[in-house]
Each structure stands twice: as C-alpha cells, then as structure tokens.
Amino acid sequence: MNAFAISNNTPIIAIATAPGRGAVGIVRVSGPHLTPLILALCGRELKPREATYLPFLDASGTVIDRGLALYFPAPHSFTGEDVLELQAHGGPVVLQLLVTRCLEASAEIDTTTQQARLNGLRLAQPGEFTQRAFLNDKMDLAQAEAVADLIDASTEAAARGAARSLSGEFSKEIHTLLDALVHLRMLVEATLDFPEEEIDFLQKADATGQLQQLQTLLERVMQRTSQGALLREGIKVVIAGQPNAGKSSLLNALAGAELAIVTPIAGTTRDKVQQTIQIDGVPLHIIDTAGLRQSDDEVEKIGIERAWAEIQSADAVVFLHDLVRWNDMQESNSYQAADAAIADQIASLLPQRVPVLQVWNKVDAVGPQQAAQAIAPTITQMTDSVNILLSAKSGQGLETLRHTLLEVVGWQPASEGTYIARERHVQALRQVRVHLDLASSQLNAKSQALDLLAEELRLAQNDLNAITGEFTSDDLLGVIFSKFCIGK
C-alpha cells in the first residue's frame with residue numbers, strides 16, 4: 001500500500017464524459033460494495049469485465065434509458081476499487097438522471113440494510129478517480145499526472161509523449177536513478193556504521209566513480225525531461241517593438257489567420273492578442289503586444305504597461321524592427337535611438353537565460369542587400385544577438401524564425417523516446433543535481449565529512465521520490481489532482 005493511506009472509503013460518482021451532447025455518455029462509480037447499487041439500478045447482477053446491454057431503472061422500475069453496464073471488481077479496475085460504468089445516450093439530462101438515481105439508490109440502501117452498505121455515495125471531486133488509482137498503487141504520481149497531460153495535450157507530439165509517461169517510461173528512468181543512488185547511500189551508511197573496519201568501503205567500491213556515473217545519468221534524464229516540459233508547457237513568445245513595426249502582421253502570418261487588426265495608424269493594438277501555434281509538435285504561445293513608446297493616451301498607456309508585463313514573463317522575445325523607418329534618412333536617428341532604448345530596457349528586465357531575437361521586418365520593401373547594409377553597423381555591435389531578416393507581408397524569413405525560436409529555447413528534434421514532463425519534475429531534478437554536486441564536494445574533500453555526504457544523498461533521494469509520489473506532501477497531491485477534470 002502507498003505511504004498515503006486512503007482516509008475515505010466513501011464511494012464516488014461522476015459523469016466521465018465531456019459536458020454537452022454526444023452519441024454516448026458515461027457515468028462512473030468507484031468504491032467498495034457496489035453490488036446493492038447494481039441490483040437497484042440494473043435489476044440484476046453483472047458478470048465481471050463483461051459488457052451487458054440492459055435498461056437502467058428508476059425507483060419505481062421505470063426505464064430511464066437503455067445502455068451498457070460494466071462491472072470491474074477490485075482490485076482489477078482503474079482505481080483499484082470496485083468500479084461500475086454505465087454507458088448511456090450522451091444527453092446531459094439522461095446522464096444527470098442516472099447520477100441522481102444512483103445517489104437516491106445509495107440513500108435507500110443505506111437505510112434499509114446493514115449488509116454491504118454503500119456508506120453514502122457522493123459526487124466525486126476533480127481528479128478523484130485518478131487520485132484513488134495513485135493511492136491504491138495502480139500508478140505512481142508521474143503516471144497519474146500523465147493522465148491529465150494526455151487529456152490536455154494540444155499537439156500530436158505532446159499526446160504521444162504523455163502516453164509514454166503514462167506507460168511508465170519516465171518513471172522507469174527515475175527508478176534507475178533511485179536504484180543507483182540507494183546503492184551509493186548503502187555504501188556511505190556502511191562506512192558510518194562500521195568506522196572501526198580497516199577496509200575503506202567507499203574506496204574499495206569506487207564510490208567516486210559511482211557518483212560520477214550517477215551524475216552523468218542524471219544529466220541525460222534532465223535533458224529529456226526539459227524537452228518533455230517544453231512539449232507540455234509550450235513556449236511563451238512575446239512580439240515587442242515600436243508602433244507600426246509590423247507586430248500584428250507577424251502574429252497573423254505565424255498563425256495563418258487574421259487575428260489582430262492591422263492598420264497604418266500607430267497605436268492600433270491596445271491590448272495583448274494571443275494565439276497558440278505548433279512547430280514540430282511544440283506549442284508556441286505567441287503574444288502580440290502594444291507598441292512600446294511614450295504616450296499620453298490613457299488606454300494606450302495601459303496596453304503598454306501590459307506589454308512590459310508580458311515581456312518579463314516571456315520564454316523568448318521577438319524584438320521587431322521596422323526596416324523602412326530604419327533605412328529612412330529623415331527619421332533614422334530618432335527611430336534608431338528609440339529602438340536602442342527599448343532594447344536596453346528589455347535586457348534589464350529579462351533574466352540572462354531568456355533569448356531576444358532581433359527580427360528586421362519589411363525586407364520586401366527595402367530589399368535584402370540594402371537592408372543588410374542598413375543594419376550592418378548595429379549587428380556588429382550586437383555580437384551575441386540572433387538577427388533575422390523577414391517580411392511578415394510576403395512570408396520571407398518566417399520559416400527561419402519558426403525554427404530559430406525552437407533552437408534558442410533548447411528544443412531538439414523530437415524522437416520516439418520523448419516523454420511528457422512538468423516543470424515540477426524539472427525543478428526536482430535540478431535540486432537532485434545540487435545535492436549530488438555537494439555530495440561530490442564532500443567525497444573529494446581531503447577531510448571527508450561522511451555524515452554530510454550521507455545527508456546530501458538522502459536529500460537527493462527525497463527529491464527523486466517526490467517525482468513518483470513516494471515522498472510527497474498531501475498539500476502537493478491536493479494541488480495536482482484539483483486541476484484534473486471531474487470524472488477522471
């Protein structure tokens with residue numbers, strides 16, 4: 001049994017299919033002693049794991065609907081408890097009638113018999129079926145999270161990655177790390193327990209080499225986990241720049257739809273406009289923002305403030321320059337000075353890890369050769385910047401921008417082995433790396449502090465266990481499962 005004991009054996013019920021009308025709808029019940037409910041609703045017993053077509057009856061014996069009933073006795077079910085699934089016509093009224101009938105039948109059974117009581121059937125909380133599957137050791141926490149990730153997947157690559165995590169591929173890699181870490185802890189603990197022994201357990205067992213191998217394995221898992229987190233979370237890309245640089249046109253071009261209003265009037269975009277697209281299966285959340293400039297217009301000022309807020313939380317910033325104005329001798333000085341000021345302000349707000357792509361728009365109006373000559377002095381000064389010549393109007397350079405965005409955030413072409421992961425997993429693995437680095441320092445020190453070494457290894461093991469749920473607080477479990485849909 002999992003360390004988190006089930007505190008509530010109350011049966012639960014929910015509509016397991018999405019809201020709305022459909023050909024088929026499912027009502028799911030999970031909990032102990034469901035036989036009385038089955039008799040009340042179906043009028044007969046059900047053979048385990050065999051679909052039976054029959055009428056669903058109300059309290060007077062009148063047929064509510066006809067459909068399939070399936071009974072899965074514990075522990076051979078999704079939750080590890082007795083599970084009853086009713087497949088009826090997918091109208092919301094029909095499904096709600098079935099739920100109401102089950103709740104009424106439960107109350108009747110509880111008051112009329114003292115045997116095989118249902119103990120108060122109640123409506124399920126979000127994610128409670130999957131939570132019970134986790135608590136009954138039907139899956140670990142990483143697999144349970146993959147259930148929600150599979151449902152929420154917005155791309156084919158994310159869906160396939162979630163399916164791999166659900167099958168246990170991610171958990172298997174975590175357990176490989178755990179096995180190696182536990183073995184190393186055993187050696188250290190043995191040395192602490194038997195200090196009088198002449199044999200140096202750590203040196204004989206090549207503890208240093210084992211720790212180095214563990215760190216190497218951890219880096220490989222971290223790399224794949226970061227890729228999985230990108231698949232799940234996506235990349236937040238903010239398009240920033242001065243008014244009329246072509247930000248809204250670029251959003252429309254990337255999305256392939258007229259989402260944002262495009263006019264020659266400066267300040268048209270007053271609020272953010274967001275669209276999610278996918279590139280190589282990775283979701284990109286593209287946000288068009290108000291043009292950055294000094295303004296006396298109160299509405300535009302609010303839009304500009306929101307633009308800066310979006311920039312601060314971006315995973316990547318596309319800083320859009322207007323090549324026409326950049327190349328215009330009459331306005332070049334003022335325009336370039338304003339651009340430089342905005343670039344400095346963005347750099348001061350963003351962490352160093354967040355890339356800023358310098359994208360030079362309207363190359364179709366200037367010409368590639370003239371554009372390259374016009375921006376050459378500026379590019380020379382920005383030696384660390386990524387520069388892309390582009391035309392949001394004609395589409396020139398769009399493909400380069402798409403793939404550059406993936407490269408700068410660390411995405412590598414998806415392979416069949418990519419599994420889905422969450423930011424929680426990434427952070428936990430980073431903590432493991434910190435503890436292993438400290439353990440390595442203790443192991444390689446001239447005067448080894450074995451108690452400190454043992455403690456760092458213990459903390460690293462706790463962080464790994466938190467990923468699969470073997471060492472996880474109830475508060476974290478509540479947060480994770482509360483974000484599931486009801487019925488799952």
Problem - Pair E173 + R220, salt bridge at N-O below 4.0 Å - result: no
Exercise for the section: Starting at CD of Q275, measure out to CG of L251 and round the result to the nearest 0.5 Å. Expected result: 7.0 Å
Handout entry: Side-chain (S106) to main-chain (L121) donor-acceptor, under 3.5 angstrom
Key = yes
Exercise for the section: Output the distance between atom CD (Q143) and atom OG1 (T130), rounded to the nearest 0.5 Å. Expected result: 11.5 Å
Completion exercise
Rounded to the nearest 0.5 angstrom, the OG1-NE2 distance for T276 and H285 is 5.0 Å
Practice task
Output yes when E128 and R122 qualify as a salt bridge under the 4.0 Å nitrogen-oxygen rule, no when they do not.
Solution key: yes
Handout entry: Min side-chain heavy-atom separation V386-P355 under 4.5 Å
Key = no
Problem - Reported CG-to-CG distance for the pair L438 and L459, which is rounded to 0.5 angstrom - result: 9.5 Å
Handout entry: D82 side chain to A74 backbone, donor-acceptor under 3.5 Å
Key = yes
Practice task
Please report the closest heavy-atom contact between S154 and P283, naming both atoms and the distance.
Solution key: OG-CG, 3.5 Å
Handout entry: Student check: side-chain heavy atoms of L250 and L401 closer than 4.5 Å
Key = yes
Problem - Test item: side-chain donor near acceptor, Q274 and D288, under 3.5 Å - result: no
Handout entry: Non-hydrogen side-chain atoms of F78 and M139 separated by less than 4.5 Å
Key = yes
Handout entry: T62 and L57: CA distance, side-chain angles, deciding distance, side-chain contact (heavy atoms from CB on, under 4.5 Å) verdict
Key = CA-CA 5 Å; T62 303; L57 308 174; over 6 Å; no
Exercise answer: donor-acceptor pairs, residues 426-434 side-chain atoms, under 3.5 Å, sequence neighbours excluded:
residue, atom, partner, partner atom, Å
Q427, NE2, E423, OE2, 2.7
R433, NH1, E219, OE1, 3.3
R433, NH1, E219, OE2, 3.4

Exercise for the section: For the pair D315 and K236, find out whether any cationic side-chain nitrogen is under 4.0 Å from an anionic carboxylate oxygen. Expected result: no
Exercise for the section: Might you point out which heavy atoms bring F319 and G241 nearest each other, and give the distance in Å? Expected result: CE1-CA, 3.6 Å
Exercise for the section: With the side chain counted from C-beta on, respond yes when T52 and L68 share a heavy-atom pair under 4.5 Å apart, and no when they do not. Expected result: no
Practice task
Examine the side chains of S30 and E81 and answer whether a donor and an acceptor come within less than 3.5 Å of each other.
Solution key: yes
Practice task
Might you work through the side-chain contact (heavy atoms from CB on, under 4.5 Å) test for T155 and V282, ending with a clear yes or no?
Solution key: CA-CA 7 Å; T155 68; V282 181; over 6 Å; no
Completion exercise
For T289 and I239, the nearest pair of non-hydrogen atoms, with its separation, is OG1-O, 2.7 Å
Practice task
Considering non-hydrogen atoms only, spot the tightest contact between F56 and A88 and give its length.
Solution key: CE1-CB, 4.0 Å
Handout entry: Any L436 side-chain heavy atom under 4.5 Å of L457 side chain
Key = yes
Practice task
Locate the shortest heavy-atom distance separating L214 from L181; write the atom from each residue and the value.
Solution key: CD2-CD1, 3.7 Å
Problem - Heavy atoms from other residues, nucleotides or ligands near CZ of R402 exceed 12 (cutoff 6.0 Å) - result: yes
Practice task
Give a yes or no answer on whether the side chain of R28 reaches the backbone of L84 with a donor-acceptor pair at less than 3.5 Å.
Solution key: no
Practice task
Determine the minimum heavy-atom distance between A146 and A162, stating which atoms define it.
Solution key: CB-O, 3.7 Å
Practice task
For L123 and I12, run side-chain contact (heavy atoms from CB on, under 4.5 Å): C-alpha distance rounded to whole Å, both residues' side-chain angles, the deciding distance at 0.1 Å, then the answer.
Solution key: CA-CA 5 Å; L123 296 174; I12 55 176; over 6 Å; no
Handout entry: L54 vs R44 side-chain heavy atoms within contact, under 4.5 Å
Key = yes
Handout entry: T216 side chain near Q213 side chain, heavy-atom distance below 4.5 Å
Key = no
Practice task
Any ring-ring contact (aromatic ring centres under 6.0 Å, His included) involving residues 140-184? Give me the pairs, sequence neighbours left out, ordered by first then second residue.
Solution key: F170-Y419, F170-H425
Practice task
Measure from the side-chain N and O atoms of E45 to the backbone N and O of I38, and report whether any donor-acceptor pair falls under 3.5 Å.
Solution key: no
Practice task
Using atom types as modelled and distance alone, determine if a side-chain donor or acceptor of N136 lies under 3.5 Å from a backbone N or O of K138.
Solution key: no
Exercise for the section: Check the pair V221 / R224 against side-chain contact (heavy atoms from CB on, under 4.5 Å), numbers first and verdict last. Expected result: CA-CA 5 Å; V221 174; R224 294 185 65 190; 6.0 Å; no
Practice task
Mark yes or no: R132 above the aromatic ring of F481, with NZ or CZ under 6.0 Å from the six-membered ring centre and no more than 45 degrees from the axis.
Solution key: no
Handout entry: Side chains of H403 and E407, donor plus acceptor under 3.5 Å
Key = no
Practice task
Can you measure from CD1 (I287) to OG (S313) and round to the nearest 0.5 angstrom?
Solution key: 6.5 Å
Handout entry: Salt bridge present between D152 and R232 (N-O < 4.0 angstrom)
Key = no
Fill in the blank from the handout: Separation between CZ (R164) and OG (S171), nearest 0.5 Å, reads 14.5 Å
Practice task
Please determine if K172 and E169 form a salt bridge, counting it only when a charged side-chain N lies under 4.0 Å from a carboxylate O.
Solution key: no
Problem - Donor-acceptor contact below 3.5 Å, side chain D65 vs main chain H89 - result: yes
Exercise for the section: Compare all side-chain heavy atoms of V27 with those of I13 and state whether any distance is below 4.5 angstrom. Expected result: yes
Practice task
Kindly indicate whether a cation-pi arrangement holds for R49 with F72, taking the cut-offs as under 6.0 Å to the six-membered ring centre and within 45° of the axis.
Solution key: no
